[in-house]
Student: 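Got a structure for you, questions after.
Keep in mind it's a predicted model, so treat the numbers as computed, not measured. We number each residue from 1, following the sequence as shown.
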Amino acid sequence: MTGPLVPFREVVLKVHSRCDLACDHCYIYEHADHSWRTRPKTISDEAIAWTARRLAEHAATHSLPSVSVILHGGEPLLAGPDRLRRVCAELTRALAPVTALDLRIHTNGVQLSPRYLDVFEAYDVKVGISLDGDRAANDRHRRFADGRSSHPQVLRAVDLLHSDRYRHLDLGLLCTIDIENDPVAVYDALTALDPPRVDFLLPHATWENPPPRPDGSPTAYAAWILAAFDRWNSQGRPVPVRLFESVLSTLAGGPSLTESLGLAPTDLVVIETDGTLEQVDSLKSAYDGAAATGFDVFHHSFDDVAAHPGVRARQLGLDGVGDTCRGCPVVRSCGGGLYPHRYRADNGFDNPSVYCADLEALVRGIEDRTAAALAAPAVTDPDALTAEQHDLTRVLLARLNSEVAEHGGDDRWTEAWELAGLVERDRPDALDHVVAHPYTRTWLLTALDALRAHRADGLGLARQLARYVAAAVVRGGLDTPVRITWNGRFMNLPTLGTVRVESPGRLEVRATGDGGFLVRSGAGEKHVAAPAEPGTGWLPVRAVEGLTVDDHDWCRGCYGIPTDGPLDGRRFADWADRLTRALALLRHAGIPRLEHLTTLTPLTGTRPAVGRHGLGALGVPFEGTPEDLARALLRGHRRARLRALLDITDLYALDGAWTHPSPWHQRPVPVSVLLAETDQRVGLAAYEPGHADHLGRALGTLENAAELTAGGKLLVSGLRKEAENGR
């Protein structure tokens, strides 16, 4: 197994190895491993000290910003408040100089009292309590050895934890699922206690000892969980439920939030009461000794455990699941299930989870219920895409302001920023028009990169804000002077055009009453009568059928392909004629408009390009017939729309972890490539039907791709409808 070690950020510290309950579903006492019988009941001072030392070394070695230590058992409260205080004090003393310490304890709550909570308050120990629902549900498994119910004591513990003094220590409730309990009644009983969080756990089981299924249904656990999910969802999700939120996160392209699901590498190690270092505790449900590593805190470091083959096997992500799971569309959400649940005696853990059918039904069930809400509205709503792209540019502008401030501020920036605020107040439409210009995004990203890299030109790039404010002032007809420092001979006012500067240096731009503007410099004053009309020393932006042709904004060089222009009158007329005929060809093919397209820039070469800019711009070849340009417009438009979507939402995750057969490539390709090419060909097929060949096969592959998020699947669904309607 290759790759760097994954450091442990979570430690389960067993402070007591016995329990005061006799829960019949407990993986420690009721499953295959019986190592608890030979271990001391309570952790020793020596084991505590070595644990603290090893953990501090590990945190320092890997520069960990924080580590979490969960005090566990058996029942950890049986260690007593004095022993728990000793544990907390030793860990705090060793780790405080090195990293932030997050202390937690997981308890059945039976012994909880102010004596314990005072200790926990002193060391900020968060408290999680196990509770399986109402009294009937809890009493199925969580009883004392003599059969008495533990439910009243647990409720008293929850009430005590929720008192004003201790409420800040409440970590939430953990519930082990029993499908014979009513899921809605269990959920209602837990949420009625107003916990900060609820977590549902599948009971530990393997292929050798499968979970009970009284009705024989292979998806009984999924049905139980989905019933609780429906209740939670219908109530507006009043409390975080980690299992539900983890599935929702992965469906949207985010990380798993629990070890029991998803592909995130494990970063947990267990320390027993005798100082033994073990793998995740739930492995005890597989076979006797399954969690053992042969290491202990007295003689070994945490890095020794991190290199153990059993630990590394749970850090491989997608490579750590079998072929069956790797090819499953929901594996990114379920991750093959909890590692111990894959165990079978004849081949170890190289299997799907014993809950495989349940996990698939659960993921698909949550997806079916929430796909529309999980997907960004921009996936299906062009207006939403426009709005979100505009918001993104505004966010970048605010970040640039913060970045300038972090570099000590700048008087010229501050002056332009304050003027922008005045324009926002008096003519917000004028400022919006300039901010929405696609190449405004290019300037913002270039300036941010320069400042973050501490380049010498960083502040100079940021000061270009004044040009954008000046353009908004002119557009709004505001009698507000804008001072600009410009050292070139030609100055571009974004969205308006380029003016010849007679005397570079400190300039002033001011709107005039005739729709034009003045440029004052050391050489005097230049009056541009109307930005829409060319004149001496003035080249306005031009248009073709309502589309802006921007062939002189300095930010247009963002395509990775040389731009052509500025175009003289003859060349512009030639290109405009061919563009006009190309657009007519598209209309004739039933494509009346290219959504979002606002700005065209001529490029050298023969292919369209999408650059580092906001929504609406497209680099289009200067050369080519109207037919060539029609195809270039379509292809580029599709690429630009897909890139704009990816700017604001995740359409896929783990791109490159899988490869897929493509009808247009000899070798399999990542999902990003297949999606982009399929999207383009769907668009081109509306113009030239030959591009529809193989679309059905490509769409079918995408529909079963594990990488796609809910938004990605919604996009592919829309592509299929578009392709079928175009037939």
Student: Got a donor-acceptor contact below 3.5 angstrom from the Trp50 side chain to the His299 backbone?
Tutor: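 Not at all, since once roles are kept as given, no pair shorter than 3.5 Å links the two residues.
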
Student: Heavy atoms, side chains only, cut-off 4.5 Å: are Leu193 and Leu131 in contact?
Tutor: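 Answer yes - side chains close enough.
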
Student: Apply the test ring-ring contact (aromatic ring centres under 6.0 Å, His included) to residues Trp232 and Phe229: give CA-CA distance (whole Å), side-chain angles for both, the deciding distance (0.1 Å), then the verdict.
Tutor: CA-CA 5 Å; Trp232 176 73; Phe229 177 88; 5.5 Å; yes

Student: Minimum heavy-atom separation for Thr219 to Arg213, with atom names?
Tutor: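 Looks like N-NH1, 4.0 Å.
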
Student: Any idea which heavy atoms bring Ser246 and Thr258 closest together, and the distance?
Tutor: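 Closest heavy-atom pair between Ser246 and Thr258: OG-CG2, 3.6 Å.
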
Student: Test salt bridge (charged side-chain N to carboxylate O under 4.0 Å, His left out) on Arg93 and Glu90; report intermediate values, then the result.
Tutor: CA-CA 5 Å; Arg93 182 196 62 76; Glu90 187 69 22; 2.8 Å; yes

Student: Around atom CG of Asp146, are there more than 12 heavy atoms of other residues, nucleotides or ligands at under 6.0 Å?
Tutor: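 Yes, because the 6.0 Å sphere around CG of Asp146 holds more than 12 heavy atoms from other groups.
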
Student: Does Arg115 have more than 12 heavy atoms from other residues, nucleotides or ligands lying within 6.0 Å of its CZ?
Tutor: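 No.
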
Student: Taking all atoms of both residues into account, what is the closest heavy-atom pair of Arg85 and Val119, and its distance?
Tutor: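 Looking at all heavy atoms of both residues, the shortest contact is NH2-CG2, 3.4 Å.
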
Student: Does Thr273 reach the main-chain N or O of Ile43 with its side chain, forming a donor-acceptor pair under 3.5 Å?
Tutor: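 Checked: no pair found.
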
Student: A side-chain contact here means heavy atoms from C-beta on lying under 4.5 Å apart; do Glu208 and Arg344 qualify?
Tutor: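 Touching, per the 4.5 Å side-chain cut-off.
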
Student: With a 4.5 Å limit on heavy-atom distance, are the side chains of Arg231 and Pro183 in contact?
Tutor: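 No - every pair of side-chain heavy atoms lies 4.5 Å or more apart.
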
Student: Take Arg369 and Leu226, measure what side-chain contact (heavy atoms from CB on, under 4.5 Å) needs, and give me the verdict at the end.
Tutor: CA-CA 10 Å; Arg369 290 161 166 80; Leu226 287 170; 3.9 Å; yes

Student: Do Leu359 and Tyr221 have side-chain heavy atoms sitting under 4.5 Å apart?
Tutor: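 No, too far: nothing below the 4.5 Å cut-off.
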
Student: After noting the C-alpha distance and the side-chain angles of Arg140 and Asn181, does the key distance pass the side-chain hydrogen bond (donor to acceptor under 3.5 Å, both in side chains) rule?
Tutor: CA-CA 9 Å; Arg140 283 190 185 276; Asn181 291 328; 2.4 Å; yes

Student: Taking it one step at a time, do Asn209 and Ser285 satisfy side-chain contact (heavy atoms from CB on, under 4.5 Å)?
Tutor: CA-CA 9 Å; Asn209 294 287; Ser285 62; over 6 Å; no

Student: For Ser301, is there any backbone N or O sitting under 3.5 Å from a side-chain donor or acceptor partner on Asp304?
Tutor: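 Yes: the side chain of Asp304 pairs with the backbone of Ser301.
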
Student: Identify the two heavy atoms, one from Gly335 and one from Val321, that lie closest to each other, and give their separation to 0.1 Å.
Tutor: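 Closest approach of Gly335 to Val321, heavy atoms only: O-CG1, 3.6 Å.
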
Student: Is a salt bridge present between Arg54 and Glu57, judged by a nitrogen-to-oxygen distance below 4.0 Å?
Tutor: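 Glu57 and Arg54: salt-bridged.
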
Student: Among Glu272, Glu278, Glu75, find the one that has a salt bridge (Lys or Arg N to Asp or Glu O under 4.0 Å) with Lys14.
Tutor: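 That would be Glu272.
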
Student: Walk me through it: do His204 and Leu338 pass the test side-chain contact (heavy atoms from CB on, under 4.5 Å)?
Tutor: CA-CA 9 Å; His204 290 308; Leu338 192 66; 3.5 Å; yes

Student: Looking at Ser234 and Asp230, would you say the former's side chain and the latter's main chain have a donor-acceptor pair under 3.5 Å?
Tutor: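 Looks like yes, one N/O pair under 3.5 Å.
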
Student: Can you tell if the side chain of Val125 reaches within under 4.5 Å of the side chain of Tyr116, non-hydrogen atoms only?
Tutor: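 They are not in contact (no side-chain heavy atoms under 4.5 Å apart), so the answer is no.
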
Student: For Ala47, is there any backbone N or O sitting under 3.5 Å from a side-chain donor or acceptor partner on Thr51?
Tutor: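 Yes, because the side chain of Thr51 sits within donor-acceptor range (under 3.5 Å) of the backbone of Ala47.
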
Student: Report yes if the side chains of Arg197 and Leu171 come closer than 4.5 Å at any heavy-atom pair, otherwise no.
Tutor: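 Not in contact.
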
Student: Closer than 3.5 angstrom, by distance alone: can the side chain of Ser130 be matched with the main-chain N or O of Asn108 as a donor-acceptor pair?
Tutor: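 A pair under 3.5 Å: no.
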
Student: Search all heavy atoms of Tyr343 against all heavy atoms of Thr206 and return the closest pair with its distance.
Tutor: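 Heavy-atom minimum between the residues: O-CB, 3.6 Å.
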
Student: Salt bridge or not between Arg9 and Asp102? Use side-chain N to carboxylate O under 4.0 Å.
Tutor: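 So Arg9 does not pair with Asp102 through a salt bridge.
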
Student: Identify the two heavy atoms, one from His16 and one from Thr42, that lie closest to each other, and give their separation to 0.1 Å.
Tutor: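 Looking at all heavy atoms of both residues, the shortest contact is CD2-OG1, 3.3 Å.
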
Student: Decide side-chain hydrogen bond (donor to acceptor under 3.5 Å, both in side chains) for Ser217 and Asp215; before the verdict, give the C-alpha distance in whole Å, the side-chain angles of both, and the deciding distance to 0.1 Å.
Tutor: CA-CA 6 Å; Ser217 168; Asp215 63 357; 4.6 Å; no

Student: How about Thr176 and Asp178: do any of their side-chain heavy atoms sit closer than 4.5 Å?
Tutor: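 No. Closest side-chain heavy atoms not under 4.5 Å.
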
Student: Do Asp132 and His141 meet the criterion of a side-chain donor-acceptor pair at a distance under 3.5 Å?
Tutor: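 No, no side-chain donor-acceptor contact under 3.5 Å.
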
Student: Between His308 and Gly310, is there a donor-acceptor pair closer than 3.5 Å when you use the side chain of the first and the backbone of the second?
Tutor: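 Indeed, once roles are kept as given, a pair shorter than 3.5 Å links the two residues.
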
Student: Got a donor-acceptor contact below 3.5 angstrom from the Asp303 side chain to the His58 backbone?
Tutor: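 Pair absent, no side-chain N/O of Asp303 close to backbone of His58.
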
Student: Could you tell me whether the side chain of Ser66 and the main chain of Leu101 form a donor-acceptor pair under 3.5 Å?
Tutor: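 No; judged by distance alone, with no hydrogens or angles, the pair does not exist.
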
Student: Check step by step if side-chain hydrogen bond (donor to acceptor under 3.5 Å, both in side chains) holds for His151 and Asp139.
Tutor: CA-CA 7 Å; His151 193 255; Asp139 284 355; over 6 Å; no

Student: Verify, without hydrogens or angle tests, whether Ser163 (side chain) and Leu160 (backbone) share a donor-acceptor contact under 3.5 angstrom.
Tutor: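 At least one qualifying donor-acceptor pair exists.
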
Student: With a 4.5 Å limit on heavy-atom distance, are the side chains of Thr709 and Leu374 in contact?
Tutor: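 A side-chain contact under 4.5 Å is absent here.
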
